[in-house]
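These notes are about the structure you will find just below.
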Amino acid sequence: MADNARAKKLADLIQEVVAGKLQRGIKDPRLGTHVTITDVRVTGDLREATVFYTVYGDDEERAGAAAGLQSAKGILRSAVGSAAGTKFTPTLTFVADALPENARAIEDLLDRARASDAKVREASSGAAYAGDADPYRKPEDETDEDAASE
């Protein structure tokens, strides 16, 4: 088993190599400049690497980019192997990163919370407190009650 520092170093190298190769070395039009490598995770034995990516565009472009990455997997793995210089080059698995969808869902929830807060603020703008202005008992009130009970 390799230590975590070595796996992290290899993950950083894979991210740089794959991003550079996608930008300069692969002429697949599906992969253009709208694919971004966001993260790479390598297993502890350095045998498998999961490459997370995002695609700027619609669902059709995302599907095209996924197919393009699958077809370029061998070229990318050989580029990683030559750059890493390790005994075994890790296999690459490409996974679409869910971060943009999660961020969009959180923004929608925050917008709904802001709208709800605005409704509550609007409803309470002309409201008054229930009861007296000062609901607490004072010492002079207690003396008045004692005198009234006698």
Side-chain angles (χ1 to χ4, degrees), residues 1-139 141:
M1 283 299 259
D3 59 306
N4 287 338
R6 188 169 179 197
K8 177 67 175 146
K9 195 179 289 187
L10 182 61
D12 291 341
L13 177 73
I14 291 171
Q15 185 173 1
E16 286 179 26
V17 169
V18 169
K21 193 73 171 170
L22 285 176
Q23 189 176 28
R24 289 186 241 69
I26 297 183
K27 296 184 177 20
D28 192 344
R30 298 175 290 186
L31 297 176
T33 58
H34 55 273
V35 176
T36 304
I37 305 300
T38 56
D39 192 21
V40 176
R41 295 188 186 146
V42 178
T43 58
D45 60 355
L46 306 179
R47 296 280 181 163
E48 297 175 11
T50 305
V51 180
F52 295 93
Y53 67 95
T54 58
V55 179
Y56 181 73
D58 58 359
D59 290 335
E60 182 180 318
E61 290 176 346
R62 287 185 194 114
L69 286 170
Q70 285 293 17
S71 69
K73 188 184 287 192
I75 296 169
L76 295 172
R77 186 173 181 217
S78 65
V80 167
S82 64
T86 57
K87 182 178 180 181
F88 181 81
T89 303
T91 59
L92 301 177
T93 306
F94 293 96
V95 176
D97 200 355
L99 185 67
E101 288 82 19
N102 290 343
R104 198 171 307 119
I106 289 172
E107 282 297 321
D108 291 342
L109 290 172
L110 289 174
D111 288 340
R112 277 197 270 160
R114 285 185 198 105
S116 175
D117 287 348
K119 285 181 185 177
V120 169
R121 197 174 308 115
E122 183 180 313
S124 67
S125 63
Y129 291 107
D132 296 333
D134 189 11
Y136 299 105
R137 294 180 126 191
K138 303 215 176 348
D141 292 341

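We use all heavy atoms of the structure for the numbers below, so side chains are in, but hydrogens, waters and symmetry mates are not. Note that this is a predicted model, so its numbers are computed, not measured.
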Throw together a table of side-chain donor-acceptor distances under 3.5 angstrom for residues 104-116, partners on residues two or more places apart or in other chains.
{"from": "Asp111", "atom 1": "OD1", "to": "Arg114", "atom 2": "NH1", "distance (Å)": "2.8"}

For this session: May I ask you to say whether Asp58 pairs ionically with Arg62, meaning some side-chain N is under 4.0 Å from a carboxylate O?
Result: no
Partner residues of [X] under the side chain to side chain donor-acceptor pair (under 3.5 Å) criterion, sequence neighbours left out:
X	answer
Arg41	Asp39
Thr91	none
Lys9	none

Heavy-atom check, side chain of [X] versus side chain of [Y], under 4.5 Å:
X	Y	answer
Leu69	Tyr53	yes
Glu122	Lys119	no
Val42	Glu48	no

Atom pairs and distances, side-chain donor-acceptor, residues 74-83, under 3.5 Å, sequence neighbours left out:
{"from": "Arg77", "atom 1": "NE", "to": "Thr89", "atom 2": "O", "distance (Å)": "3.4"}
{"from": "Arg77", "atom 1": "NE", "to": "Pro90", "atom 2": "O", "distance (Å)": "3.2"}
{"from": "Arg77", "atom 1": "NH2", "to": "Thr89", "atom 2": "O", "distance (Å)": "2.6"}
{"from": "Ser78", "atom 1": "OG", "to": "Gly74", "atom 2": "O", "distance (Å)": "3.4"}
{"from": "Ser78", "atom 1": "OG", "to": "Ile75", "atom 2": "O", "distance (Å)": "2.8"}
{"from": "Ser82", "atom 1": "OG", "to": "Ser78", "atom 2": "O", "distance (Å)": "3.4"}
{"from": "Ser82", "atom 1": "OG", "to": "Ala79", "atom 2": "O", "distance (Å)": "3.0"}

Exercise. How about Thr38 and Asp97: does a side-chain donor come under 3.5 Å of a side-chain acceptor?
Worked result: yes
For this session: Check whether any side-chain N or O of Thr50 sits under 3.5 Å from a backbone N or O of Thr93 as a donor-acceptor pair, and report yes or no.
Result: no
Exercise. What distance do Phe94 atom CZ and Ile37 atom CD1 have between them, rounded to the nearest 0.5 Å?
Worked result: 6.0 Å
Problem set entry | Partner residues of Thr86 under the side chain to side chain contact (heavy atoms under 4.5 Å, CB included) criterion, sequence neighbours left out | Ala84
Exercise. Shortest non-hydrogen contact from Tyr56 to Glu61?
Worked result: O-OE1, 3.2 Å
Exercise. What's the shortest heavy-atom distance between Ala72 and Ile26, and which atoms?
Worked result: CB-CD1, 3.6 Å
